[in-house]
Undergrad: 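Structure provided below as structure tokens; questions to follow.
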Number of protein chains: 2
Amino acid sequence: METNPRQAKVTMQDVANHVGVSRTTVSFVLNGGTGNGIPEETRDRVHQAVSELGYRPNAGARALASKQTKLYGLITEIVIAPYAANIVRGAEEQAAREGKTLLIASTDGSSDADRRAIETMLEHRVEGLIYATSWHRGVRLPAVAEEVPTVLVHCFDEATKLHSVIPDEAQGGYVATMRLIGAGHDRIGLINLDPVIPAAIGRRAGYVRALEQAGIGLDESLVINEDGEADQGYRAAVALLDGSRPPTAIFCATDRMAMGAYDAIKERGLRIGDDISVVGFDNQEVIANYLRPSLTTVALPFQQMGATGVAMLAKLAANRDLAPLQRIVECPLVERTSVRLPVAAS
Amino acid sequence: METNPRQAKVTMQDVANHVGVSRTTVSFVLNGGTGNGIPEETRDRVHQAVSELGYRPNAGARALASKQTKLYGLITEIVIAPYAANIVRGAEEQAAREGKTLLIASTDGSSDADRRAIETMLEHRVEGLIYATSWHRGVRLPAVAEEVPTVLVHCFDEATKLHSVIPDEAQGGYVATMRLIGAGHDRIGLINLDPVIPAAIGRRAGYVRALEQAGIGLDESLVINEDGEADQGYRAAVALLDGSRPPTAIFCATDRMAMGAYDAIKERGLRIGDDISVVGFDNQEVIANYLRPSLTTVALPFQQMGATGVAMLAKLAANRDLAPLQRIVECPLVERTSVRLPVAAS
DNA sequence: GCGCGTTACTAACGCGCGTTAGTGGATGTG
DNA sequence: CACATCCACTAACGCGCGTTAGTAACGCGC
């Protein structure tokens with residue numbers, strides 16, 4: 001196991017010479033299964049030479065000869081929005097399972113940066129491409145992406161030609177609202193996002209469905225749309241709490257808005273998880289975990305989406321011209337302490 | 001500029017045939033400068049054929065022939081601690097400037113995951129390695145890393161054999177404290193981290209130096225060590241505020257602890273940025289930006305450290321056996337609104 | 001007409017490896 | 001003893017490209 005510190009790279013031929021066989025034999029031992037008629041003893045000698053010399057296959061040469069790089073490309077704006085980094089994690093893990101290596105590049109989302117990143121990946125002959133965004137939206141990839149199987153993660157193709165993996169926003173909104181209903185609330189505020197984006201549409205739909213199912217009438221005065229940031233959550237919460245018939249629970253479409261809502265609530269002397277309940281969305285750890293009390297919220301299944309994306313890509317690469325399909329991944333509720341316990345009488 | 005959607009890959013030979021010259025000529029046109037005696041007209045025809053056929057050089061083949069991959073490897077636990085993702089961003093930008101591509105892999109920090117990641121990079125024949133951590137500490141890389149130039153970012157080699165880029169924690173602690181002194185404070189609490197880790201040592205050193213320089217005596221009762229999380233920041237702030245002679249300003253060694261301190265301060269009816277000032281450390285955007293009032297804090301220069309790491313690597317790769325050197329990068333103060341304005345009378 | 005320097009290319013090798021088609025020897029079969 | 005099988009291997013090609021050494025054609029001076 002001598003690791004041959006910084007010398008000329010040892011090749012397969014070196015191993016062959018060392019053992020006294022041909023390079024072909026070494027190749028068979030290292031790649032072929034037990035199928036080739038090579039006796040155990042020779043195999044052992046080869047393996048020993050490999051570790052003695054510190055031989056390491058050259059991925060580039062191997063790719064050239066075998067015509068498969070075992071590379072998948074992952075392009076993402078994650079670096080800009082780090083909280084979605086688990087997409088990368090999930091993708092990497094799944095790639096490892098498939099025996100692939102991920103080539104990761106970041107983009108600022110501009111189509112120019114996208115194109116350059118894709119170009120680089122294609123030069124490296126990736127066998128497939130994953131494009132992941134930090135927020136759920138429609139995208140349109142540069143034409144070059146069509147040269148290779150592509151899967152979108154946390155976004156979808158506006159031309160609906162590409163496969164994609166997206167979160168089930170509606171189900172997320174539903175479980176969040178149901179959690180509050182289950183705790184005995186029947187006046188539940190919704191601080192939502194800009195109502196044209198997919199996240200807002202879905203989360204609201206889930207909210208509405210939960211209310212309906214519980215036989216609670218939808219009160220539009222309890223729904224406020226904002227842009228997702230903390231100070232807007234604060235403003236919206238103030239509006240709700242200072243209204244004529246304030247809610248006893250608030251579902252915030254982002255944890256950041258929940259953070260702002262917390263301030264408004266505390267200012268009014270109310271105790272969260274007691275006098276009033278709050279549920280967030282995003283499971284942004286730094287916020288949800290460290291708010292006082294910690295925030296019950298709905299998680300975007302980043303890791304799972306990343307893994308699913310890679311798995312889909314593997315299928316797609318094996319069988320091109322598969323009809324574009326959209327995989328929807330569930331958003332689990334993450335229980336913490338901002339929702340009061342269910343009580344007998346509301 | 002037809003992009004040849006998913007057909008057999010076009011090679012340099014195809015371009016040559018299309019133009020009616022040899023492959024060598026094409027290679028000269030694409031790689032060589034204007035040095036080779038190839039007339040403008042031929043060059044044009046080659047370039048046109050390239051874009052007509054959608055030719056794209058094969059990075060693997062090119063690496064094989066030229067014996068340089070132009071790949072740098074970046075190994076990081078960033079995915080675990082996304083707030084440090086700017087290291088990746090800085091590294092990528094600098095790599096692009098150097099004409100290199102980054103091969104990124106994540107690790108959970110276990111030496112086993114490290115080794116596997118490094119192994120993969122070496123198979124791809126990276127020309128150098130960057131190892132970045134999410135928190136400032138000493139590390140010990142697996143022996144395989146010695147086969148290739150390596151630079152550590154946000155960490156240092158316990159055996160002091162490897163180059164590294166680390167943040168100037170002491171200077172960071174200094175500017176933070178100076179900012180508070182400049183605002184007229186002379187009783188300044190420090191909620192620090194576990195005093196054995198580099199971040200805590202440095203930040204405290206900076207704090208002490210600033211006090212000394214201002215002629216303020218160090219009061220150990222104003223210094224509390226905790227583990228960095230919000231609830232501990234809360235506890236520590238309570239202890240400080242409820243003491244006999246409470247501070248009028250608090251320097252928190254993490255933004256998360258500042259977040260907890262905010263709660264303690266607000267509970268006591270004090271107004272941050274007015275009755276009392278707070279400075280954090282880390283510039284963790286989700287927190288610092290959205291706390292109310294927003295948090296003045298010290299930033300870890302992740303992006304710059306990433307870029308510096310790559311730049312050092314480039315130098316190192318050009319000139320191996322350079323004495324291991326340690327580059328220290330300044331931590332800038334990020335001004336927000338949690339420090340009161342300087343007043344005439346303290 | 002001959003030697004010589006340019007100009008504009010090309011033939012051919014090798015990078016490290018996967019893979020196909022074979023080869024020489026040992027063993028079994030009739 | 002001729003012949004077919006297996007066993008254990010090897011020669012050789014080609015993947016796409018960079019690069020070195022060389023060549024053919026042309027113009028120029030003498």
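Quick note on labels: first sequence line is chain A, next is B, and so on, each numbered from 1. FYI, side chains are in, hydrogens and waters are out, and symmetry mates aren't considered; it's all heavy atoms of this structure.
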Undergrad: Select from B:Arg45 and B:Ala61 the residue whose nearest nucleotide in DNA chain C is closer to the 5' end of that strand.
TA: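 Taking each residue's closest nucleotide, the earlier one in sequence belongs to B:Arg45.
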
Undergrad: To the nearest Å, how far apart are A:Leu64 CG and C:dG18 C1'?
TA: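 Between C1' of C:dG18 and CG of A:Leu64: 10 Å.
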
Undergrad: Looking at residues at least two apart in the chain, or sitting in another chain, which of them share a side chain to side chain donor-acceptor pair (under 3.5 Å) with A:Ser27?
TA: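 Partners of A:Ser27 under the side chain to side chain donor-acceptor pair (under 3.5 Å) test: A:Asn31.
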
Undergrad: For D:dT10 and A:Thr25 - does any side-chain N or O of the residue sit under 4.0 Å from the phosphate oxygens OP1/OP2?
TA: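 The answer is yes; a side-chain N or O of A:Thr25 sits under 4.0 Å from OP1 or OP2.
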
Undergrad: Using whole Å, report how far CG of B:Leu53 lies from P of D:dG16.
TA: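 The distance from CG of B:Leu53 to P of D:dG16 comes to 14 Å, rounded to the nearest Å.
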
Undergrad: For the pair made of CG in B:Asn17 and C1' in C:dT10, what is the distance, rounded to whole Å?
TA: 13 Å

Undergrad: Round to the nearest Å and state the distance from B:Leu30 atom CG to D:dG16 atom C1'.
TA: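 Taking atom C1' of D:dG16 as the reference, CG of B:Leu30 is at 13 Å.
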
Undergrad: What verdict does the salt bridge (charged side-chain N to carboxylate O under 4.0 Å, His left out) test give for B:Glu147 and A:Arg56, after you've listed the backbone C-alpha separation in whole Å, the side-chain angles of each residue and the deciding distance to 0.1 Å?
TA: CA-CA 12 Å; B:Glu147 295 182 38; A:Arg56 214 184 305 281; 2.5 Å; yes

Undergrad: State plainly whether the residues A:Lys315 and A:Glu98 are in salt-bridge range, i.e. N to O under 4.0 Å.
TA: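 No, A:Lys315 and A:Glu98 are not salt-bridged.
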
Undergrad: What is the separation between atom CD on A:Glu41 and atom P on D:dA8, rounded to the nearest whole Å?
TA: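 Answer to the nearest Å: 11 Å.
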
Undergrad: What's touching nucleotides 19-23 of chain C from the protein side, N or O pairs under 3.5 Å?
TA:
{"residue": "C:dT19", "atom": "O4", "partner": "A:Thr24", "partner atom": "OG1", "Å": "3.3"}

Undergrad: Checking B:Arg140 now: which residues fulfil salt bridge (charged side-chain N to carboxylate O under 4.0 Å, His left out) with it, not counting sequence neighbours?
TA: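 Listed in chain order: B:Glu158.
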
Undergrad: So which atom in A:Ile38 and which in A:Phe28 form the shortest heavy-atom distance, rounded to 0.1 Å?
TA: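 Looking at all heavy atoms of both residues, the shortest contact is CD1-CB, 3.6 Å.
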
Undergrad: Applying side chain to side chain donor-acceptor pair (under 3.5 Å), can you list everything that pairs with A:His18, at least two apart in sequence or on another chain?
TA: none

Undergrad: Relative to the ring of A:His154, is the ring of A:His136 parallel (under 30°), tilted (30 to 60°) or perpendicular (over 60°)?
TA: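 Geometry flag for A:His154 against A:His136: tilted rings.
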
Undergrad: Quick check on the helix from C:dG1-D:dC30 to C:dG30-D:dC1: what's the angle between its two end axes, five base pairs per end, to the nearest 10°?
TA: 70°

Undergrad: Listed by chain and number, what are the ring pair (Phe, Tyr, Trp, His ring centres under 6.0 Å) partners of B:Tyr131, not counting sequence neighbours?
TA: none

Undergrad: Distance from B:Met121 atom CE to B:Leu102 atom CG, nearest 0.5 Å?
TA: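 If I round to the nearest 0.5 Å, the distance is 9.0 Å.
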
Undergrad: Report the distance from atom CD of B:Gln13 to atom C1' of D:dG18, rounded to the nearest whole Å.
TA: 14 Å

Undergrad: How close or far is atom C1' of C:dC17 from atom CD of B:Glu123, stated in whole angstroms?
TA: 13 Å

Undergrad: For A:Ile38 and D:dC6, give me the distance from atom CD1 to atom P, rounded to whole Å.
TA: 18 Å

